[in-house]
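Owing to the predicted nature of the structure, the values given are computational and were not obtained by experimental measurement. Every chain is numbered from 1, with letters handed out A, B, ... down the list of sequences.
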Number of protein chains: 2
Amino acid sequence: MTQPKQPAEQSIKVATDAVIFTVRRGELMALLIQMKKVPYTGKWAVPGGIIGQAETTEQAARRILTTQTGVSDAHLEQLATFDDPKRDKLGRVISVAYVALVASEKVILKTTEKYADVRWWPTSKLPALAYDHKDMVAVAVDRLRAKLEYTNVAWSLLPPQFTLTELQEIYEIILGRPVDKRNFRRRVLDLGIVVGTGTKRMGGAHRPAELYAFKRRSMEYIEVL
Amino acid sequence: MTQPKQPAEQSIKVATDAVIFTVRRGELMALLIQMKKVPYTGKWAVPGGIIGQAETTEQAARRILTTQTGVSDAHLEQLATFDDPKRDKLGRVISVAYVALVASEKVILKTTEKYADVRWWPTSKLPALAYDHKDMVAVAVDRLRAKLEYTNVAWSLLPPQFTLTELQEIYEIILGRPVDKRNFRRRVLDLGIVVGTGTKRMGGAHRPAELYAFKRRSMEYIEVL
DNA sequence: TCAAAAGTGTTCCTGTTACACCCATGA
DNA sequence: TCATGGGTGTAACAGGAACACTTTTGA
């Protein structure tokens, strides 16, 4: 067996990218920026960048999210590290990817001169992506879908108060299948994931919906939904 | 909000560490090396090291595993990236951690002059660990425990042929609870995870045990066990 | 009074759990 | 013939899935 030796000096840059999701207009959307710099001009990408010397990757992800897109207060979770030596044509860069989840109401998009555009894209029809960002988004979607089933992550996609129908829609859209209304309500209530607030939302020519809140707005592992 | 700026130059080293598990003597064991270099002299650590300029982290993990411990042909899976700026006293190093699983028969341990010792330690009583390796092992154990329940990973902890009792022991040891023999056998067979080979192992003053093999020796997602 | 979404229970079915004895071998 | 671990079926139970009508409001 040949023994590849360890190089005397290593010159690898460390970046972070955040796949930001929200649910909007009946779709799971990812936030992408359009690049200006060659050789990626016109391509879309997940927001990201090089981390600072004394920053954690998560701190860097938050900083970059804020400056590049205007998104703050997202729920962040480490996804995976992408490290193909050829993933960036301009040099060796490994990227620690995060999944970021936000309630769509919260977001006020902001552009910077560094990028041509910032937009939400439905995950079902993404544009051409730079780097390995296509894989990255795919892995992120899989992770989100899995976590939705055994955690209470959905809280991070909704405002503090919401109706059970809205919560159910989050599940249906992300899981990509219909969910039975009665069984769904029974479960989220029996499992103690959400609690009623007693207040109602009057809105439209129909019976008002009770507003609910998550019992805990932090990651919690639960039974199968 | 203050805007921390991105540093002009970044000088961060990228390493990889592999938490190697096997099941042995009725315990889940992790392979650790004992360090010589200051300031970690005498401390134990998960095997790892700086990656090469053109290597992926997984390739580096395999290389390091082989040279530092003699373990080859392990099943490797990316775990998480550890990036606390202070995790290494000697400078900024982020580490992409892997979980490695091996059948205990396979392993012939090998020491190198770089380290004082290499040994299996029961995960229930680990020695003092360097860096953030205590957390790293804890995260790895959690991951392994979770994956055992919804994948066929156990294949990587067993030789090609094994008895159902041996398989059951893997589950009991890692999950830390007894498993009903009849229900266990029914499930692994009904789910088509393992198949009988027709051959039997004669060994001891008792009825011989049929040998089984995993249908697939690669990651597969299955129903709850 | 009509349209629209909210809200609510029960039955059936499937999969999980609990459990105890006979079998084949080597000593 | 005895000790040892290997191997097998069934009944009770719990949780999940399927399913349709009544309620409250605004127009």
Side-chain angles (χ1 to χ4, degrees), chain A residues 23 25-26 145-146 148-152 154 158-159 161-173 175-213 221-225, chain B residues 23 25-26 146 148-152 154 158-159 161-173 175-214 221-225:
Chain A
V23 171
R25 325 172 109 264
R145 200 167 277 152
L148 203 61
E149 307 228 42
Y150 64 90
T151 71
N152 66 340
L158 285 169
Q161 310 244 315
F162 51 88
T163 68
L164 289 187
T165 302
E166 288 166 347
L167 178 59
Q168 184 178 339
E169 280 164 359
I170 297 278
Y171 275 83
E172 292 182 324
I173 290 163
L175 299 179
R177 57 176 152 87
V179 168
D180 181 84
K181 180 161 64 159
R182 282 175 284 191
N183 295 334
F184 180 78
R185 286 167 182 246
R186 188 186 7 243
R187 269 178 302 203
V188 292
L189 289 169
D190 287 358
L191 290 171
I193 299 167
V194 298
V195 288
T197 62
T199 60
K200 291 190 191 303
R201 176 186 297 163
M202 317 293 284
H206 54 80
R207 178 167 173 178
E210 176 157 12
L211 291 172
Y212 289 79
Y221 294 81
I222 54 178
E223 298 311 305
V224 197
L225 210 66
Chain B
V23 172
R25 325 173 110 264
L148 203 61
E149 306 229 40
Y150 65 91
T151 72
N152 65 341
L158 284 169
Q161 312 243 315
F162 50 87
T163 67
L164 290 186
T165 301
E166 288 166 348
L167 179 58
Q168 184 179 337
E169 280 164 0
I170 296 279
Y171 275 85
E172 291 183 326
I173 290 163
L175 299 180
R177 58 174 152 89
V179 168
D180 181 85
K181 181 159 67 158
R182 282 176 286 194
N183 295 335
F184 180 77
R185 287 165 181 246
R186 193 191 359 256
R187 269 180 300 204
V188 292
L189 290 168
D190 287 359
L191 290 171
I193 299 167
V194 298
V195 289
T197 62
T199 60
K200 291 191 191 304
R201 175 186 297 162
M202 317 292 284
H206 55 81
R207 178 169 173 178
E210 175 155 14
L211 290 172
Y212 289 79
F214 277 88
Y221 294 80
I222 55 179
E223 299 309 307
V224 196
L225 208 65

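- Every residue meeting the side chain to side chain contact (heavy atoms under 4.5 Å, CB included) condition with B:Thr197, not counting sequence neighbours, appears here in chain and number order: B:Gln161, B:Thr199, B:Leu211, B:Ala213.
- Under the rule for a side chain to side chain donor-acceptor pair (under 3.5 Å), the partners of B:Glu172 that lie at least two apart in sequence or sit in another chain are B:Gln168.
- To the nearest angstrom, P of C:dA24 lies 19 Å from CZ of B:Arg201.
- C:dG7 atom P lies 11 Å from atom CD of A:Glu166, rounded to whole Å.
- If you take CZ of A:Arg185 and P of D:dC19, they are 19 Å apart, rounded to a whole angstrom.
- Between the P atom of D:dA17 and the CG atom of A:Leu175 lies a distance of 12 Å, rounded to the nearest Å.
- In this view, B:Asn183 and B:Asp180, B:Arg186 satisfy the side chain to side chain donor-acceptor pair (under 3.5 Å) rule, not counting sequence neighbours.
- Place B:Arg182 and B:Gly204 on DNA chain C by their nearest nucleotides, and B:Arg182 ends up nearer the 5' end.
- Salt-bridge check for B:Glu149 with B:Arg177: passed, with a basic side-chain N closer than 4.0 Å to an acidic carboxylate O.
- In this structure A:Phe162 satisfies the ring-ring contact (aromatic ring centres under 6.0 Å, His included) test together with A:Phe214, sequence neighbours excluded.
- OP1 and OP2 of C:dT16 both lie 4.0 Å or more from every side-chain N or O belonging to B:Arg186.
- When rounded to the nearest whole Å, the span between CG of A:Asp180 and P of C:dA6 equals 14 Å.
- Here the side chains of A:Tyr212 and A:Val188 are not in contact, with every heavy-atom distance at 4.5 Å or above.
- Heavy-atom distances to DNA chain C give each of A:Lys200 and B:Asn183 a nearest nucleotide, and the one nearer the 5′ end belongs to A:Lys200.
- Taking atom NZ of B:Lys181 as the reference point, atom C1' of C:dC23 lies 11 Å away to the nearest angstrom.
- Here the nucleotide nearest the side chain of A:Arg187, chosen from C:dT25, D:dT8, D:dA17, is D:dA17.
- Atom CD in B:Glu210 sits about 13 Å away from atom C1' in D:dT8, given to the nearest Å.
- For residues 200-209 of chain A, the side-chain hydrogen bond (donor to acceptor under 3.5 Å, both in side chains) pairs, not counting sequence neighbours, are A:Glu166-A:Arg201.
- Across D:dG7, D:dG26, C:dG7, the shortest atom-to-atom separation from the side chain of A:Met202 is found for D:dG26.
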Under-3.5 Å N/O pairs linking protein and nucleotides 3-5 of chain C:
| from | atom 1 | to | atom 2 | distance (Å) |
| --- | --- | --- | --- | --- |
| C:dA4 | N3 | A:Ala205 | O | 3.1 |

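- Rounded to whole Å, atom P of C:dA6 lies 11 Å from atom OH of A:Tyr212.
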